[in-house]
Amino acid sequence: MKIHEYQGKDLLKAAGVAVQEGKVVSTPEEAAKAFEQLGCELAVVKAQVHAGGRGKGIAIGPDADRADALAIASGQKPRPDGVARGVQLVRSADEARKAAESLLNKTLITYQTGVDGAKINKMLVAVGHDISRELYLGLAVDRAVQAPVLMASTEGGVEIEEVAQKTPEKIHRETIDVGIGLADFQARKLVKALQLEGPAAKNGQKFFKNFVRFFLDSDCSLAEINPLIVTDAGEVLALDCKLNFDDNAMYRHPDIAALIDPAEEDANEMRAAEHGLSYVQLDGDIACLVNGAGLAMSTMDVIKYHGGEPANFLDVGGGANKDQVLEAFRILLASDKVKAVLVNIFGGIMKCDTIAAALLAAYDEIDFKLPLVVRLEGTNVEQGMKLLEESGRKIITAKGLTDAAQKVVAAAQSS
């Protein structure tokens, strides 16, 4: 689960992590008023979307060339004068109003959004600071060491992937004991690695410890602050933040779960989640309905191996019933890109004849018109396949995953 920058800063501030002060707005008039309320000489107006690279990204209208906009945002083409960027410095209420006008209801294109972009519905007006240094701080779960790892670098304001590729020695890592958090000696090592001195050293240690504690207590899967700034007065502040949370733990954090922004989520993915389905939209034309994440991944791999392109990842789980199968089909067929559907089910918890009956009932309700390939394996597979073959429906049965993939790829290419 992802949240906006302004929401993340509110959570961090409540956890004792020092952040840049700001106000979220949704109109140009609110942006001007926010500038006045902040009482600062310099402020920044930032588009609030779930994507990185906003400072380099550009806001475009509905008639703009998105491919050209992406090339500009990615640095492949020079940025023309007058093009609105996703992050803008302002020095008056009037400038804040104009900046908000240039962003509101536009589509922000960044190197992370691709040509689809993200619609700007809200903006953050935040206090500008005299920045002495820009640092990087990130925390993620490292599966190799089976623990969270805190990463820090003196190269703030730069994509960490670029730093890792070109100057990996500039990234300092600390493995976190989830029972302890960030130990004092580790905080001191970070201070030294980031070359913090005087008040900044003391403020940095407090920042690091509270940041790690927040990560652990909130069940984060990723927490990134870039840049983490040091001011001339020795303050250590989060100028930007990106927080992702473990979906499976959100039942423990209803306050965080309530922060989800439906406008930033894929409508079909949210619809699937409401029915107990796991769904991810992809770019291909072969829809997949599978039970089990591992089997779903294998199915997509085999489709690609035989020359096809999967249109989605959809896991109906081990106990799929007729209603779930029906909703799954509706979601799959909502895309006009889909040319064929592959159902690949292993009947373990559910028997194959039960699954076949659910498929046939869903088939009749939906009035299926696309080629449908079904491969069943597991308990009562003979009975299940017999039901499908003798049903009179236009269902292509397959024996084995390779056979299924070859048939669905051929069907998609000929439809």
Side-chain angles (χ1 to χ4, degrees), residues 1-3 5 7-9 11-12 15-17 19 50-53 111-112 134-196 204-229 236 238-253 256-257 259 278 280 292-294 296-298 300-301 313 315:
M1 174 183 163
K2 299 178 181 180
I3 61 175
E5 174 195 357
Q7 296 169 320
K9 284 182 174 177
L11 293 175
L12 289 174
V17 179
V19 301
H50 289 177
Y111 71 94
Q112 285 193 6
E134 292 189 1
L135 311 173
Y136 170 88
L137 192 69
L139 188 53
V141 177
D142 186 336
R143 299 188 186 278
V145 300
Q146 299 183 14
V149 173
L150 182 64
M151 298 165 285
S153 175
T154 55
E155 304 302 299
V158 179
E159 286 79 17
I160 194 63
E161 296 85 0
E162 182 180 335
V163 178
Q165 182 179 17
K166 296 181 179 180
T167 53
E169 70 280 0
K170 293 185 178 181
I171 300 178
H172 179 83
R173 295 173 172 84
E174 289 291 334
T175 302
I176 305 300
D177 185 320
V178 296
I180 298 174
L182 185 69
D184 290 339
F185 79 91
Q186 291 179 303
R188 291 193 292 270
K189 287 172 66 177
L190 282 168
V191 165
K192 183 177 181 180
L194 295 176
Q195 303 165 19
L196 300 177
Q205 287 192 53
K206 179 181 177 182
F207 188 106
F208 304 146
K209 291 178 71 69
N210 288 344
F211 178 67
V212 171
R213 178 46 53 194
F214 169 81
F215 180 95
L216 299 175
D217 291 347
S218 303
D219 288 304
C220 289
S221 57
L222 172 70
E224 186 177 45
I225 297 175
N226 188 24
L228 170 69
I229 66 165
V236 178
L239 202 67
D240 193 4
C241 73
K242 176 181 180 180
L243 301 178
N244 293 355
F245 300 89
D246 185 345
D247 292 330
N248 297 314
M250 286 300 95
Y251 72 94
R252 297 196 296 218
H253 308 283
I256 296 177
L259 298 177
S278 297
V280 178
M297 298 294 287
S298 299
M300 292 190 295
D301 285 345
F313 168 103
D315 175 12

Side chain to side chain contact (heavy atoms under 4.5 Å, CB included) for Leu139 and Phe214? Distances and angles first, verdict last. CA-CA 11 Å; Leu139 188 53; Phe214 169 81; over 6 Å; no
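- Judged by distance alone, with hydrogens and angles left aside, the side-chain atoms of Asn210 form a donor-acceptor pair with the main-chain N or O of Gly16 at under 3.5 Å.
- Not a single donor-acceptor pair under 3.5 Å links the side chain of Gln112 to the backbone N or O of Ala51.
- Panel note: side chain Gln186, backbone Thr175; a donor-acceptor pair is recorded below 3.5 Å.
- Here the options are Leu137, Leu135, Asp240, the test is side-chain contact (heavy atoms from CB on, under 4.5 Å), and the partner is Pro227; only Asp240 passes.
- Here the CG atom belonging to Leu196 is positioned 14.5 Å from the CZ atom belonging to Arg188, to the nearest 0.5 angstrom.
- Asp246 contributes no side-chain N or O that, together with a main-chain N or O of Cys220, makes up a donor-acceptor pair within less than 3.5 Å.
- Between the side chain of Ser153 and the backbone N or O of Glu155 there is at least one donor-acceptor pair closer than 3.5 Å.
- Contact annotation: the side chain of Asp219 approaches that of Arg252 to within less than 4.5 Å [non-hydrogen atoms, C-beta and beyond].
- Atoms OH and CD1, from Tyr136 and Ile225 in turn, are 9.5 Å apart once rounded to the nearest 0.5 Å.
- Rounded to the nearest 0.5 Å, atoms CD (Glu5) and CG (Leu243) are 10.0 Å apart.
- In terms of heavy atoms, Val191 sits closest to Gln205 at CG2-CG, 3.4 Å.
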Is there a side chain to side chain contact (heavy atoms under 4.5 Å, CB included) between Ile256 and Ser218? Walk through the geometry before answering. CA-CA 8 Å; Ile256 296 177; Ser218 303; 4.0 Å; yes
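- Within 6.0 Å of the CD atom in Glu169, the count of heavy atoms belonging to other residues, nucleotides or ligands exceeds 12.
- By the side-chain hydrogen bond (donor to acceptor under 3.5 Å, both in side chains) test, Gln7 is found to be paired with no residue, residues two or more places apart in sequence or in another chain being considered.
- The CG atom of Leu150 sits 9.5 Å away from the CZ atom of Phe215 when rounded to the nearest 0.5 Å.
- Applying the side-chain contact (heavy atoms from CB on, under 4.5 Å) test between Leu216 and each of Val178, Leu182, Ile180 identifies Val178 as the sole match.
- Put simply, the side chain of Glu224 does not reach to within 4.5 Å of the side chain of Asn244, judged on heavy atoms.
- Rounding to the nearest 0.5 angstrom, the gap separating the NE2 atom in His50 from the CD1 atom in Ile3 is 7.5 Å.
- Considering only heavy atoms from C-beta on, Val19 stays 4.5 Å or farther from Cys241 through its side chain.
- Annotation: ring pair (Phe, Tyr, Trp, His ring centres under 6.0 Å) contacts of His253 (sequence neighbours excluded): none.
- Residues Leu190 and Phe207 have side chains not in contact (no heavy-atom distance under 4.5 Å, counting atoms from C-beta outward).
- Taking the side chain as every heavy atom from C-beta outward, Ile229 and Val236 never approach each other to under 4.5 Å.
- Considering CG of Leu239 and NZ of Lys9, their distance stands at 5.5 Å, rounded to 0.5 Å.
- Of the possible donor and acceptor atoms, none in the side chain of Lys189 sits under 3.5 Å from a partner among the backbone N and O of Arg173.
- Considering all non-hydrogen atoms of both residues, Gly53 and Tyr111 come closest at CA-CE2, 3.5 Å.
- Residues forming a salt bridge (charged side-chain N to carboxylate O under 4.0 Å, His left out) with Glu161 (at least two apart in sequence, or on another chain): none.
- The heavy-atom pair separating Ala187 from Phe208 by the smallest distance is O-CD1, 4.2 Å.
- Proximity of His172 to Leu194: side-chain heavy atoms (C-beta onward) are nowhere separated by under 4.5 Å.
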